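Take a look at the structure below.
Owing to the predicted nature of the structure, the values given are computational and were not obtained by experimental measurement. All values below were derived from every heavy atom in this structure, side-chain atoms included, with hydrogens, water molecules and symmetry-related copies excluded.
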Amino acid sequence: MGSRFNQRDQKRKVNKIYNIAITIVSILIVIVAVSIFLSDDGTETKKATTEPKQVAETEKGKVVDKPAGKEEETDSEKEDAVGDSEATEEDAEKEDSKATEEDAEEKAEDDADSEKAGDAELVEVEGSGDGNVASTYTSEGWKPVGTEQSGEHTTSFEKGSVDWNEMSKAIASGAGIDEGSMKLWWLQNGGSPTTAIGTVSEGDNPKTFRVYIEWVDGSGWKPVKVEELKTNDKR
């Protein structure tokens, strides 16, 4: 009887030791798990705390590495912008050069017209006695204006014809007026197949001229006499 009691008591002690050991092991497991968790949480917290600092430092002016692709895109965009700028400058230079050339050509044409009319030295002569004539001029410097016509010449008073246009040019030369701003009020036969008379003025200028021209074979029409009128009798 006493022996059985001792065996049971010993068995209880062994079970108690097992239970204590299991409890200790469980506690150790919990402690290790908590330690690992706390360690991981601390690392994440440190990372989270460090990242804002890096961002703040970047905002203060520190250089931050960018992806290679982004840098390449930025460089490409810069090159495109430089190329567009150079192309725009070249186009602007071409336009300026073209405009300068056109202005030079126009000036040369204007100078040529001025030379034709202005180089001729006018000489005042006695008039025809017409009461509407203020003064009469002629010049040895007047030359034929040239012609596109060939063969036997026939005077044409058809507006817009080659002969009409060449007569207008000769009249403008005699009057000293730019043909582009000349108003041709009247154009008539001068009394023979090779002469004509035109009444003209320049733009809004009231000064009016009666210009006498004659045909020179192979050379075109040539002014021979100009009368400055007191009033425009063809208006």
Minimum heavy-atom separation for [X] and [Y], please, with both atom names.
| X | Y | result |
| --- | --- | --- |
| Gly174 | Pro223 | CA-CB, 3.7 Å |
| Ile213 | Ala170 | CG2-CB, 4.1 Å |
| Leu187 | Ala196 | CD1-CB, 4.3 Å |
| Ala175 | Val200 | CB-CG2, 4.0 Å |
| Lys169 | Val145 | NZ-O, 3.9 Å |

State the [atom1]-[atom2] distance between [X] and [Y], to the nearest 0.5 angstrom.
| X | Y | atom1 | atom2 | value |
| --- | --- | --- | --- | --- |
| Ile22 | Ile27 | CD1 | CD1 | 12.0 Å |
| Ser161 | Glu166 | OG | CD | 9.0 Å |
| Ser219 | Lys143 | OG | NZ | 10.5 Å |
| Lys159 | Leu184 | NZ | CG | 7.5 Å |
| Ser201 | Arg235 | OG | CZ | 6.5 Å |
| Gln149 | Ser156 | CD | OG | 8.5 Å |

Can you find a pair of side-chain heavy atoms, one from [X] and one from [Y], that are under 4.5 Å apart?
| X | Y | answer |
| --- | --- | --- |
| Ile171 | Met182 | yes |
| Met167 | Thr155 | yes |
| Glu202 | Lys207 | no |

Original post:
Just by distance, with hydrogens left out, do Ser139 and Glu121 show a side-chain donor and acceptor under 3.5 Å apart?
Top reply: no
Original post:
Can a donor-acceptor pair be found between the side chains of Gln188 and Trp186 at a distance below 3.5 Å?
Top reply: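 Yes, side-chain donor-acceptor contact under 3.5 Å.
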Subject >> Lys183/Asp204 under side chain to side chain contact (heavy atoms under 4.5 Å, CB included): CA gap, chis, key distance, verdict >> reply: CA-CA 9 Å; Lys183 288 184 178 180; Asp204 296 328; 4.0 Å; yes
Would a distance-only check, ignoring hydrogens and angles, find a side-chain to backbone donor-acceptor pair under 3.5 Å from [X] to [Y]?
| X | Y | result |
| --- | --- | --- |
| Asn132 | Thr231 | yes |
| Lys230 | Gly131 | yes |
| Ser168 | Trp164 | yes |
| Ser181 | Asp178 | yes |
| Thr208 | Pro206 | yes |
| Thr199 | Arg210 | no |

Subject >> Test side-chain hydrogen bond (donor to acceptor under 3.5 Å, both in side chains) applied to Asn232 - qualifying residues, sequence neighbours left out >> reply: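 In terms of side-chain hydrogen bond (donor to acceptor under 3.5 Å, both in side chains), with neighbours along the sequence ignored, Asn232 is linked to no residue.
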Subject >> Enclosure of Glu124 CD (heavy-atom neighbours >12, cutoff 6.0 Å) >> reply: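 Enclosed.
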Do [X] and [Y] land in one hydrophobic cluster if side-chain heavy atoms of ILVMFWY residues count as linked below 4.5 Å?
| X | Y | answer |
| --- | --- | --- |
| Leu28 | Ile20 | yes |
| Phe37 | Val34 | yes |
| Leu229 | Val226 | no |

**OP:** Please test Leu122 against Trp142 for side chain to side chain contact (heavy atoms under 4.5 Å, CB included), starting from the C-alpha separation and ending with a verdict.
**Re:** CA-CA 9 Å; Leu122 300 178; Trp142 285 330; 3.5 Å; yes
**OP:** List the steps, then state whether side chain to side chain contact (heavy atoms under 4.5 Å, CB included) holds for Asp163 with His153.
**Re:** CA-CA 9 Å; Asp163 202 47; His153 174 259; 2.8 Å; yes
**OP:** Give the C-alpha distance, both sets of side-chain angles, the deciding distance and a yes or no for side chain to side chain donor-acceptor pair (under 3.5 Å) between Tyr212 and Glu227.
**Re:** CA-CA 8 Å; Tyr212 296 76; Glu227 294 175 340; 3.3 Å; yes
Original post:
Do any pairs count as a side chain to side chain donor-acceptor pair (under 3.5 Å) and have a residue in residues 15-27, sequence neighbours left out, and if so which ones?
Top reply: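 Found none.
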**OP:** Dump the intermediate steps for side chain to side chain donor-acceptor pair (under 3.5 Å) on Thr195 and Asn189, then the final yes or no.
**Re:** CA-CA 6 Å; Thr195 60; Asn189 184 280; 4.7 Å; no
Original post:
In the hydrophobic clustering (ILVMFWY, side-chain contacts below 4.5 Å, transitive), which residues join Trp185, or is it alone?
Top reply: none
**OP:** Please step through side chain to side chain contact (heavy atoms under 4.5 Å, CB included) for the pair Trp221 and Thr147, ending with a clear verdict.
**Re:** CA-CA 8 Å; Trp221 291 95; Thr147 181; over 6 Å; no
